[in-house]
Amino acid sequence: MIHAGSSPLPQWTAQLVFGLGFLAFHTIRAVFGRHHRGRTIVDIRFDLLEKSLLAFVTLGVIVIPLVYLFSPWLAFADYSLPSWTIWPGAVIIAAADGLFWRAHIDLGRNWSPTLEIGDDQTLVTSGLYRYIRHPMYAATFLFTIGQVVLLPNWIAGPSALVTFLPLYLLRLPREERMMIDRFDEGYEAYMKRTGRIFPRLLG
Ligand code: SAH
């Protein structure tokens with residue numbers, strides 16, 4: 001059950017908007033994640049660092065928001081926000097879901113839950129990947145910001161942002177190293193013409 005907290009209507013509504021956005025985000029992942037099954041993996045970099053980062057991000061992106069939505073345990077850390085913040089919050093979460101969905105379409109079978117390369121891996125440089133190398137991470141960042149705006153709670157609000165940041169900072173160079181090892185100059189040239197999560201404006 002969704003708990004009401006201190007400012008009943010806005011908080012309920014914000015929780016509902018967040019809950020729907022959360023459901024859409026994880027449904028996209030679950031639906032496209034099925035393509036990953038049955039792939040033959042030729043390179044996998046699933047070491048202790050990667051496992052710890054994934055466990056930490058699961059806590060902040062899934063466990064803490066669910067505890068906040070469905071139990072009163074985090075209510076001690078609630079604060080209040082003006083009710084208009086629901087609008088920018090909803091727009092940010094919807095944009096995050098749209099971007100996440102499009103990135104999954106563009107990456108297709110090349111998506112993987114951890115750092116790995118399949119025997120049928122191709123280098124995707126079209127769709128969103130034409131402009132940025134990491135649209136899924138961009139979408140996740142957007143979602144974490146929407147979460148801060150929609151959940152007025154000192155723990156549940158920033159939990160996704162705080163746990164996703166280390167994954168982004170530590171995994172990204174390793175992912176790009178792996179892509180260079182697989183695609184050589186193809187990926188290096190691709191890096192020169194794209195941004196990580198923001199499109200390159202110059203050159
Ligand atoms: N970092 C990307 C993809 C995340 S999924 C994003 O944010 O959109 C992680 C997997 O995607 C990696 O293990 C790698 O195998 C694959 N990958 C990342 N970029 C790719 C690309 N441009 N083309 C094909 N596969 C890619």
### Message
Run Leu115 and Ile44 through side chain to side chain contact (heavy atoms under 4.5 Å, CB included) and show every step you take.
### Response
CA-CA 6 Å; Leu115 294 182; Ile44 178 155; over 6 Å; no
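- Considering only heavy atoms from C-beta on, Phe141 comes within 4.5 Å of Ile197 through its side chain.
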All N/O donor-acceptor pairs, side-chain side in residues 21-32, below 3.5 Å, sequence neighbours left out:
from  : atom 1 : to     : atom 2 : distance (Å)
Thr27 : OG1    : Leu23  : O      : 2.6
Arg29 : NE     : His104 : NE2    : 3.3
Arg29 : NH2    : His104 : NE2    : 3.1

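- In this structure, the side chains of Ile180 and Met191 come closer than 4.5 Å at one or more pairs of heavy atoms.
- In this structure Val162 satisfies the side-chain contact (heavy atoms from CB on, under 4.5 Å) test together with Pro158, sequence neighbours excluded.
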### Message
Set out, in order, the CA-CA distance, both residues' side-chain angles and the distance that settles side chain to side chain contact (heavy atoms under 4.5 Å, CB included) for Arg200 and Thr194, then state yes or no.
### Response
CA-CA 6 Å; Arg200 251 173 202 247; Thr194 50; 5.6 Å; no
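- Residues Ile145 and Trp87 are members of separate hydrophobic clusters, defined by side-chain heavy-atom contacts under 4.5 angstrom among Ile, Leu, Val, Met, Phe, Trp and Tyr.
- Under the 4.5 Å side-chain heavy-atom criterion for Ile, Leu, Val, Met, Phe, Trp and Tyr, Phe76 and Val63 are members of the same hydrophobic cluster.
- A 4.5 Å side-chain heavy-atom check between Ile117 and Met179 finds at least one atom pair inside the cut-off.
- Shortest non-hydrogen contact noted between Leu81 and Thr85 is CB-OG1, 3.9 Å.
- Linking ILVMFWY side-chain heavy atoms closer than 4.5 Å, directly or via other members, places Leu169 and Val57 in a single hydrophobic cluster.
- The two residues Pro65 and Val61 come nearest to each other via the heavy atoms CG-O, 3.4 Å.
- Nearest heavy-atom pair across Tyr190 and Leu123 is CD2-CD1, 4.4 Å.
- Under the 4.5 Å side-chain heavy-atom criterion for ILVMFWY residues, no single connected hydrophobic cluster contains both Val91 and Leu20.
- Looking at heavy atoms from C-beta onward, Thr122 lies in side-chain contact with Asn110 at the 4.5 angstrom threshold.
- The distance from atom CG of Leu69 to atom CG of Leu74, rounded to the nearest 0.5 Å, is 10.0 Å.
- Counted by atom type alone, Tyr137 and Glu175 present one or more donor-acceptor pairs between their side chains at under 3.5 Å.
- Test Leu16, Asp78, Asn153 against Gln11 for side-chain contact (heavy atoms from CB on, under 4.5 Å) and you get one pass: Asp78.
- Taking the side chain as every heavy atom from C-beta outward, Tyr187 and Glu176 approach each other to under 4.5 Å.
- Among residues at least two apart or in separate chains, salt bridge (Lys or Arg N to Asp or Glu O under 4.0 Å) pairs with a member in residues 120-132 are Arg39-Asp120, Arg109-Asp120.
- Leu142 and Phe198 fall into different hydrophobic clusters, where Ile, Leu, Val, Met, Phe, Trp and Tyr residues are linked whenever their side-chain heavy atoms come under 4.5 Å apart, directly or through other members.
- Summarising the geometry, atom CZ belonging to Phe164 is positioned 10.5 Å from atom CG belonging to Leu53; distances are rounded to the nearest 0.5 Å.
- Residues that satisfy the salt bridge (Lys or Arg N to Asp or Glu O under 4.0 Å) test with Glu50, not counting sequence neighbours, are Arg171.
- Every ring-ring contact (aromatic ring centres under 6.0 Å, His included) that Trp154 has, sequence neighbours left out, goes to Tyr79.
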### Task
Please report the C-alpha distance between Arg45 and Asp47 in whole Å, then the side-chain angles of each, then the deciding distance to 0.1 Å, and finally whether the salt bridge (Lys or Arg N to Asp or Glu O under 4.0 Å) criterion is met.
CA-CA 6 Å; Arg45 307 192 181 185; Asp47 56 9; over 6 Å; no
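- Judged by distance alone, with hydrogens and angles left aside, the side-chain atoms of Gln147 form a donor-acceptor pair with the main-chain N or O of Ala156 at under 3.5 Å.
- Side chain of Arg196 to backbone of Arg133: no donor-acceptor contact under 3.5 angstrom is found.
- If you take CG on Leu167 and CG on Leu49, they are separated by 9.0 Å, rounding to the nearest 0.5 Å.
- Phe183 CZ: more than 12 foreign heavy atoms inside a 6.0 Å radius.
- Separating the CG atom in Leu107 from the OG atom in Ser112 is a distance of 8.0 Å, to the nearest 0.5 Å.
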### Task
For the pair Ile93 and Val17, evaluate side chain to side chain contact (heavy atoms under 4.5 Å, CB included) and give the outcome as yes or no after the intermediate values.
CA-CA 9 Å; Ile93 292 276; Val17 170; 5.5 Å; no
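- Between Gln15 and Leu150 the shortest side-chain heavy-atom distance does not fall below 4.5 Å.
- Although no hydrogens or angles enter the test, the distance criterion places a donor-acceptor pair under 3.5 Å between the side chain of Thr140 and the main chain of Met136.
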### Task
Show the numbers, then the answer: is there a side chain to side chain contact (heavy atoms under 4.5 Å, CB included) between Leu170 and Leu172?
CA-CA 6 Å; Leu170 295 171; Leu172 196 122; over 6 Å; no
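- Atom OG of Ser159 and atom CG of Leu151 lie 7.5 Å apart (nearest 0.5 Å).
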Let me check something: any side-chain donor-acceptor pairs from residues 95-103 under 3.5 Å, sequence neighbours excluded? List them with distances.
from   : atom 1 : to     : atom 2 : distance (Å)
Arg102 : NE     : Asp106 : OD1    : 3.3
Arg102 : NH2    : Asp106 : OD1    : 2.8

### Task
Show your working on ring pair (Phe, Tyr, Trp, His ring centres under 6.0 Å) between Phe18 and Phe143 and close with a plain yes or no.
CA-CA 10 Å; Phe18 175 80; Phe143 191 94; 5.7 Å; yes
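- For the pair Thr125 and Tyr129, the minimum side-chain heavy-atom distance is 4.5 Å or more.
- Side-chain atoms of Thr144 and Leu165, non-hydrogen and from C-beta on, never get closer than 4.5 Å to each other.
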